[in-house]
Amino acid sequence: MIPDNLNGAQKRAVEKTDGPVMILAGAGSGKTRTLVAKVSYLLDVLEVSPYKILAVTFSNKAAREMRDRVGANCNLSPGALQITTFHSFCANILRSEARHLGLSRNFTIYDDSESKSVVKVILNKRGINLKELPPSHVLHFISDLKNRGYYEGTPSDEFDEDKQDELFGLFLEYESELHRSNAVDFGGLITAVIQLFEKFPEVRQRYEDRYQYIMVDEYQDTNRAQFELVRILSEKKQNICVVGDEDQSIYSWRGADIRNILDFEKVFPHAEIIKLEQNYRSSKTIIEAATQVISKNLQRKGKSMWTDNIDGDAIDVIECHNDKVEGEFLAKEIKKLKEDGESYDDMAIFYRSNAQSRIIEDSLLKGGIPYRVVAGIKFYERKEVKDLLAYIRVVVNSKDSLALSRIVNVPTRGIGATTLRKIEGEAIRMGCSLWEIVEKISQFPEDFSHIKLSARIKSSFQAFESLVNEVKLGEQNGIAPSAGYDKLLIESGYLQSLKASRDYESLARIENLQELFSAIRQYEESSTSPTLSGFLETITLDTSRDEEENPAGQVALMTVHSSKGLEFPYAFITGAEENVFPSYQSLESDSETAIEEERRLFYVAMTRAMKKLYITFAQGRMVFGNLRFNGPSRFIEEIPKNFYKWVRKGARRTDASSCYDNDEDFNQDTGPSEVNYHDVQINIGNPVKRQSASYQKGQKVTHSLYGEGVVWTTEGFGSEEKVTIKFPGGVLKKFMVKFAPLS
DNA sequence: ACTGTTCGATTTTTT
DNA sequence: ATCGAACAGT
């Protein structure tokens, strides 16, 4: 049955299971609830097999949430449900069908930075100066093509113009380089599946027959290729249900194509459109103000949001003298709310760009307000982490020449640029991969006398080769991935080289490698047949690690983009100035489309607030080292006057820059002045046996890197014991006791 | 192979 | 202001 906590439109959305449907779900309209109800309805009432249902979203977080909720509803193990991201879905298909496309199933997935490296290598090879032709520019061309669904041999003539572009040759070379490396990039995951379906009708039919009900969440974020993919899959049954909100489309710069929404009915002429317009989240004031702002956009289907909620407080628009005063206002106001009994984790501060967070953090720090910065965790982008992952990739997919050349001389083993150039030459000459050359050199060094390798280099190759092969063998024989990682870390000498340079940074790097170790352990526990290659897949397609952080009493700081999908009773939109929000880039481009996207961003930000919305802006702000006077954002002016109250904070009219003159607090050295470089206990592979938790809540500890802190939470015991420590300024860090240099 | 220096760019970042 | 990448010098 359909849960009776759904409203009319939501019920309709649930019941309309056959034929194409587009659900336009405004902010806070109970979209997830409806989707979960719909999948549950298919399963429980229509008794559709979970095997036949496919639901795709964009983020792993969203997929997980939906999977768990449906699983709980219908008493199914979450694993039985095909609720997944576009990219995982495609990666899985490609692993099964890899042979059709001349890939092998252990192919590597390249992320954006690796794609960029490939581009750089190609440009270098062609002797093109990176300044004349920035790699980012080339990469943009390539990913744009892929986002629009192009693959080699696309039948459509839509790409004729692109093929004339001088960059097209680079695209082709890029593609063949990836293919040689047995690698696929993010965009390629999607287009390769489309290609697979186009070229092999029998494969296509298998999947088409299987997925009888297809749902797409966050539809406004789909690009052309993703749309094409679900169109193909649903072509026969036409049971496609897309859910999205054109007003929250904020990823066009990533290839999201709002036309997927605007033109849905053109592709599916009999589509039913259902609008979810009742908002359950925000006060009437907020909803009406936001509705007014977004109504200025022309690129929309048009919904009119309404709510039964109370009117609530007026929006506060705070005019601050400068960005510093803005920060101080935030701290002061948050403190006041706290004193009134509100909780810190009910408050969030949004900014347009990450650069703005620093000054806000400063004020919160000074005000003693605990906060957390919600940001794309860059853990997997760390050099040392990428290095070790590259080792793993060479083990998993030895054709991955990018990974190989990254680590063949890390740590230094005498295989420098010159040697690398030589073996690259050999690889080209013999038409094989770098790894095959490495293997051949190790086995038959005499065959390579013509490239004059010293004895030392030869033995380096041999050591490297046997390490990789031993781990590979271990992987095939079901040795735990973490053990393989251990071996790589230790026998490559990587860990040793870090330990040898006992400086501040190496210490942190070692910790990160320990963190990577626990990530592998975590993965092992969650998987039935863990492998290194499975681990790689998890982390390339799911970067959301570390996001579990306990929001215990912290104000959340984030970009407007990362706020999408979240809600907070109290929300602060900061930097509401021309050239900041909307950003100067979107103004420069002078295109109405760009401004509309900024407006959608502003709309997203406004609709995060439940009870009270603050919008702050500064008269003067430091931008790229210069003081700028931008004036209030046009979006403020688009809010009807009756919805807000204008307040001035330290806003003077003269001598605008004086506030920057005596900045006594800015240059304090906050880092620990002395670091105790005692030997870090490394026990990877030989867990320390401790039977009980050795740390307690509230205990004071000293971390040799971060200084003094207080134990915030503890979990596990013995070698699995983990502690979260709170350092001054509300910074929370989690450590594994057996690794962390704590005293 | 490591280190310092200059130069330049610089929104957003689900995968 | 600040960070990183590219380059030059040791």
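What you are looking at is a predicted structure, and each value in this text was computed from that prediction instead of being measured. A note on names: the letters A, B, ... follow the listed sequences, proteins ahead of strands, and every chain is numbered from 1.
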Please work out whether the ring planes of [X] and [Y] are parallel, tilted or perpendicular, with thresholds of 30° and 60°.
X	Y	result
F58(A)	F86(A)	tilted
F635(A)	F602(A)	tilted
F171(A)	F141(A)	perpendicular

Just the rounded figure in Å: distance from [atom2] of [N] to [atom1] of [X].
X	N	atom1	atom2	value
E596(A)	dT11(B)	CD	P	22 Å
E381(A)	dT13(B)	CD	C1'	9 Å
D112(A)	dT13(B)	CG	C1'	8 Å
H140(A)	dT12(B)	NE2	P	16 Å
N124(A)	dA5(C)	CG	C1'	13 Å
N129(A)	dA6(C)	CG	C1'	11 Å
W253(A)	dT11(B)	CH2	P	12 Å
R621(A)	dA1(C)	CZ	P	16 Å

Given DNA chain B, 5'-ward residue of the pair I415(A) and V560(A), judged by closest heavy atom: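 Comparing both residues, the 5'-ward one is I415(A).
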Residue closer to the 5' end of DNA chain B, T412(A) versus T559(A) (nearest nucleotide):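 Result: T412(A).
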Side chain of [X], heavy atoms from C-beta onward: which of [options] has the nearest atom to it?
X	options	value
D221(A)	dA1(C), dT14(B), dT12(B)	dT14(B)
H561(A)	dT14(B), dT11(B), dT13(B)	dT13(B)
K120(A)	dT12(B), dA6(C), dA1(B)	dA6(C)
Y251(A)	dT12(B), dT10(B), dT14(B)	dT14(B)
S59(A)	dT11(B), dT14(B), dA1(B)	dT14(B)

Under-4.0 Å side-chain N/O to phosphate OP1/OP2 contact, N354(A) with dT10(B): no
dT2(C) OP1/OP2 closer than 4.0 Å to side-chain N/O of R358(A): yes
Atom NZ of K386(A): over 12 foreign heavy atoms under 6.0 Å: yes
Residues R95(A) and E537(A) bridged, charged N to O under 4.0 Å: yes
Salt bridge D112(A)-K116(A), side-chain N to carboxylate O under 4.0 Å: no
F350(A)/F581(A) aromatic ring centres below 6.0 Å: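 Ring-ring flag for F350(A)/F581(A): false, centres at least 6.0 Å apart.
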Test of ring centre spacing under 6.0 Å for H140(A) and W253(A):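 Judged by ring-centre distance (under 6.0 Å), H140(A) and W253(A) do not meet the cut-off.
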Touch class at under 4.0 angstrom, heavy-atom based, for D185(A) against every strand present: nothing
Residues touching DNA chain B, which here means a heavy atom under 4.0 Å, drawn from residues 579-588 of chain A: S583(A), Y584(A), Q585(A)
